[in-house]
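This structure is a prediction, so every number in the text was calculated from the model and none was measured.
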Amino acid sequence: MAQSQAITYAFDGSFDDATFSVESAILDAGLVIDYVSHTGEMLERTGQDLGREVKIFDAADIFLFCSAVLSRRMMEADPMNIAHCPYSIFVTDREGQVLIGYRRYPDGIMQEVQALLDALVQDALGD
């Protein structure tokens, strides 16, 4: 069985509380959020334009950011690790179930990035 492409954790609270917690965890780590993609809103809007009626998320945001220290280290190891930048943490709400997660990274140096993402998510979860 294939391993899931994402690691997710249930958040005990609202979508707005989860996005605030994720944003705070990223900023508290001294990182800069480059962009917040409001993916849920985009899917809803484009679904209507395309005549699609399936509601995928009640809400979904993706926080994009980078770490200069980790990015330099991983790209010195292999310049093609640029494909993994920027890093992201997502928050979703589907029928009241709020999840926080991030993509699974390959073995090797990229596990340092995955460890950072997991630490940020654990901070956002209050663990």
Side-chain angles (χ1 to χ4, degrees):
M1 183 175 208
Q3 200 173 28
S4 173
Q5 61 189 355
I7 296 169
T8 60
Y9 297 92
F11 182 83
D12 185 21
S14 70
F15 176 81
D16 289 339
D17 288 345
T19 57
F20 179 80
S21 291
V22 167
E23 179 179 16
S24 296
I26 295 168
L27 296 176
D28 289 350
L31 302 169
V32 175
I33 298 169
D34 296 317
Y35 183 72
V36 179
S37 174
H38 303 289
T39 306
E41 292 173 12
M42 178 274 300
L43 290 169
E44 183 67 21
R45 184 181 63 254
T46 58
Q48 291 173 6
D49 293 343
L50 298 170
R52 306 292 295 197
E53 296 179 17
V54 175
K55 184 170 189 129
I56 301 169
F57 299 107
D58 295 319
D61 285 350
I62 304 170
F63 293 83
L64 303 169
F65 58 96
C66 207
S67 163
V69 172
L70 281 179
S71 293
R72 172 151 289 277
R73 188 165 42 240
M74 71 174 193
M75 284 184 239
E76 284 178 352
D78 180 353
M80 289 301 100
N81 279 333
I82 193 169
H84 301 292
C85 283
Y87 316 132
S88 63
I89 295 176
F90 60 84
V91 180
T92 63
D93 180 350
R94 293 184 71 197
E95 300 176 355
Q97 182 183 18
V98 178
L99 297 176
I100 299 175
Y102 54 90
R103 79 181 75 161
R104 189 177 299 278
Y105 284 91
D107 290 337
I109 191 113
M110 292 308 301
Q111 286 301 299
E112 292 182 40
V113 173
Q114 187 165 312
L116 168 68
L117 296 175
D118 200 70
L120 293 171
V121 170
Q122 295 307 316
D123 185 31
L125 293 169
D127 293 342

ILVMFWY network linking Phe11 to Leu99, side-chain heavy atoms under 4.5 angstrom: no
Where is the tightest heavy-atom contact between Ile56 and Arg94, given as atom of each residue plus distance? O-NE, 3.0 Å
Going by salt bridge (charged side-chain N to carboxylate O under 4.0 Å, His left out), name the pairs with one or both residues in residues 66-87, residues two or more places apart or in two chains. Arg72-Glu76, Arg73-Glu112
As an exercise, state the distance from CD1 of Ile89 to CG of Asp118, rounded to the nearest 0.5 Å. 9.0 Å
Looking only at non-hydrogen atoms, find the nearest pair between Leu64 and Ser88 and report the distance. CD2-CB, 3.5 Å
Would you say Val98 and Ile62 are hydrophobically clustered, going by side-chain heavy atoms of ILVMFWY under 4.5 Å? no
Heavy atoms of Ile33 and Glu23 approach each other most closely as CD1-CG, 3.7 Å
So do the side chains of Leu31 and Leu120 get within less than 4.5 Å of each other, counting heavy atoms only? yes
Taking the side chain as C-beta and beyond, is there a heavy-atom pair between Gln111 and Gln114 under 4.5 Å? yes
What heavy-atom pair brings Leu125 and Ala10 nearest, and what distance separates the two atoms? CD2-O, 3.5 Å
Please check if the side chain of Ser71 supplies one atom and the backbone of Ala68 the other of a donor-acceptor pair under 3.5 Å. no
Looking at OG of Ser21 and CD1 of Ile26, how far apart are the two atoms once the value is rounded to the nearest 0.5 Å? 11.0 Å
Using the rule that two of Ile, Leu, Val, Met, Phe, Trp, Tyr join whenever any of their side-chain heavy atoms come within less than 4.5 Å, decide whether Phe57 and Val36 are in one cluster. no
Just grab all the side chain to side chain donor-acceptor pair (under 3.5 Å) pairs involving residues 28-37, residues at least two apart or on different chains. Ser37-Thr39
Distance (rounded to the nearest 0.5 Å) between Ile100 CD1 and Phe15 CZ: 10.0 Å
Got a second to check how far Met75's CE is from Ile82's CD1, nearest 0.5 Å? 5.0 Å
Nearest 0.5 Å, please: how far is CG in Asp61 from CG in Asp93? 10.5 Å
So for atom CG, which belongs to Asp12, do other residues, nucleotides or ligands contribute more than 12 heavy atoms lying within a distance under 6.0 Å? no
If you round to the nearest 0.5 Å, how far is NZ of Lys55 from CD of Gln48? 8.5 Å
Pairs involving residues 82-127, ordered by first then second residue, that meet ring-ring contact (aromatic ring centres under 6.0 Å, His included) (sequence neighbours left out): His84-Tyr105
Any side-chain heavy atom of Gln5 sitting closer than 4.5 Å to one from Arg103? no
Pairwise side-chain contact, Phe65 with Leu27, heavy-atom cut-off 4.5 Å (strictly under): no
How close do Val91 and Ala18 get, counting heavy atoms only, and between which atoms? CG1-CB, 3.6 Å
Compare every heavy atom of Asp58 with every heavy atom of Gly96, then report the nearest pair and how far apart it is. N-OD2, 3.9 Å
